[in-house]
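Single-structure report; data block below.
In what follows, every heavy atom counts, from backbone to side chain, and hydrogens, waters and symmetry copies are set aside.
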Amino acid sequence: GVILGLGIFWTLYGIAGLLGFQVIDEKYKNHEWTIHFIRYRGISWLMIGIPWLTLYFWAYGKDMNRLVMCLLILLCGLPTIVYTIVNDRKYKNMLEKE
């Protein structure tokens, strides 16, 4: 149930980010690239929410070992982690240059 709840929350929060409505740190506000930053954050939330929802519905009702489920959860999260690290570095560098 936790995967379903978090998947729904992250997907909805990602959609809000794509629409430009997300809570971000003050240091990232009021720049010409702020809207792109918010959208990138929305994409990163969708990249974790949608795979977790898919995993939940795929695994629902199946008798699955907890270790296998944990590995699948981590596997679904790896692309998001890489995407977030790369983009966080990009925007922190942009912030430092200003």
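- Through direct or relayed side-chain contacts under 4.5 Å between Ile, Leu, Val, Met, Phe, Trp and Tyr, Tyr91 connects to Ile15, Leu18, Leu19, Phe21, Ile24, Tyr28, Trp33, Phe37, Ile38, Tyr40, Ile43, Leu46, Met47, Ile50, Tyr83, Met94, Leu95.
- No continuous path of ILVMFWY side-chain contacts below 4.5 Å connects Leu74 to Ile3, so the two sit in separate hydrophobic clusters.
- Environment of CG in Asn30: sparse, with no more than 12 heavy atoms of neighbouring residues, nucleotides or ligands closer than 6.0 Å.
- Both Ile73 and Ile8 are assigned to one and the same hydrophobic cluster, defined by single-linkage of ILVMFWY side chains at heavy-atom distances under 4.5 Å.
- At a threshold of 4.5 Å between side-chain heavy atoms, the hydrophobic network of Ile, Leu, Val, Met, Phe, Trp and Tyr places Val2 and Met69 in one connected group.
- In this structure, the separation between NZ on Lys27 and CD on Glu96 is 9.0 Å, given to the nearest 0.5 Å.
- Looking only at distances, a side-chain donor or acceptor of Thr34 sits under 3.5 Å from a matching main-chain atom of His31.
- When the salt bridge (charged side-chain N to carboxylate O under 4.0 Å, His left out) test is applied to Glu26, the partners found at least two apart in sequence or on another chain are Lys29.
- Minimum interatomic distance between Ile48 and Cys76 (heavy atoms only, all atoms of both residues): CD1-O, 4.5 Å.
- Hydrophobic side-chain contacts under 4.5 Å tie Leu67 into a cluster, directly or through other members, with Leu71.
- Val82 and Ile85 sit in two unconnected hydrophobic clusters of ILVMFWY residues. Membership requires side-chain heavy atoms under 4.5 Å apart, directly or through other members.
- Note on Tyr60: it clusters hydrophobically with Leu55, by side-chain heavy-atom contacts below 4.5 Å among ILVMFWY residues.
- Under the 4.5 Å side-chain criterion, counting only non-hydrogen atoms from C-beta, Arg41 is not in contact with Asn87.
- Atom CD of Glu32 is surrounded by 12 or fewer heavy atoms from other residues, nucleotides or ligands within 6.0 Å.
- A distance of 12.5 Å separates OG1 in Thr54 from CG in Leu72, rounded to the nearest 0.5 Å.
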For this session: Carefully, step by step, assess Leu4 and Phe57 under the rule side chain to side chain contact (heavy atoms under 4.5 Å, CB included).
Result: CA-CA 8 Å; Leu4 177 63; Phe57 289 116; 4.0 Å; yes
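- Between Leu53 atom CG and Phe9 atom CZ the span is 13.0 Å, to the nearest 0.5 Å.
- With hydrogens and angles ignored, the 3.5 Å screen pairs a side-chain donor or acceptor of Gln22 with a backbone N or O of Tyr13.
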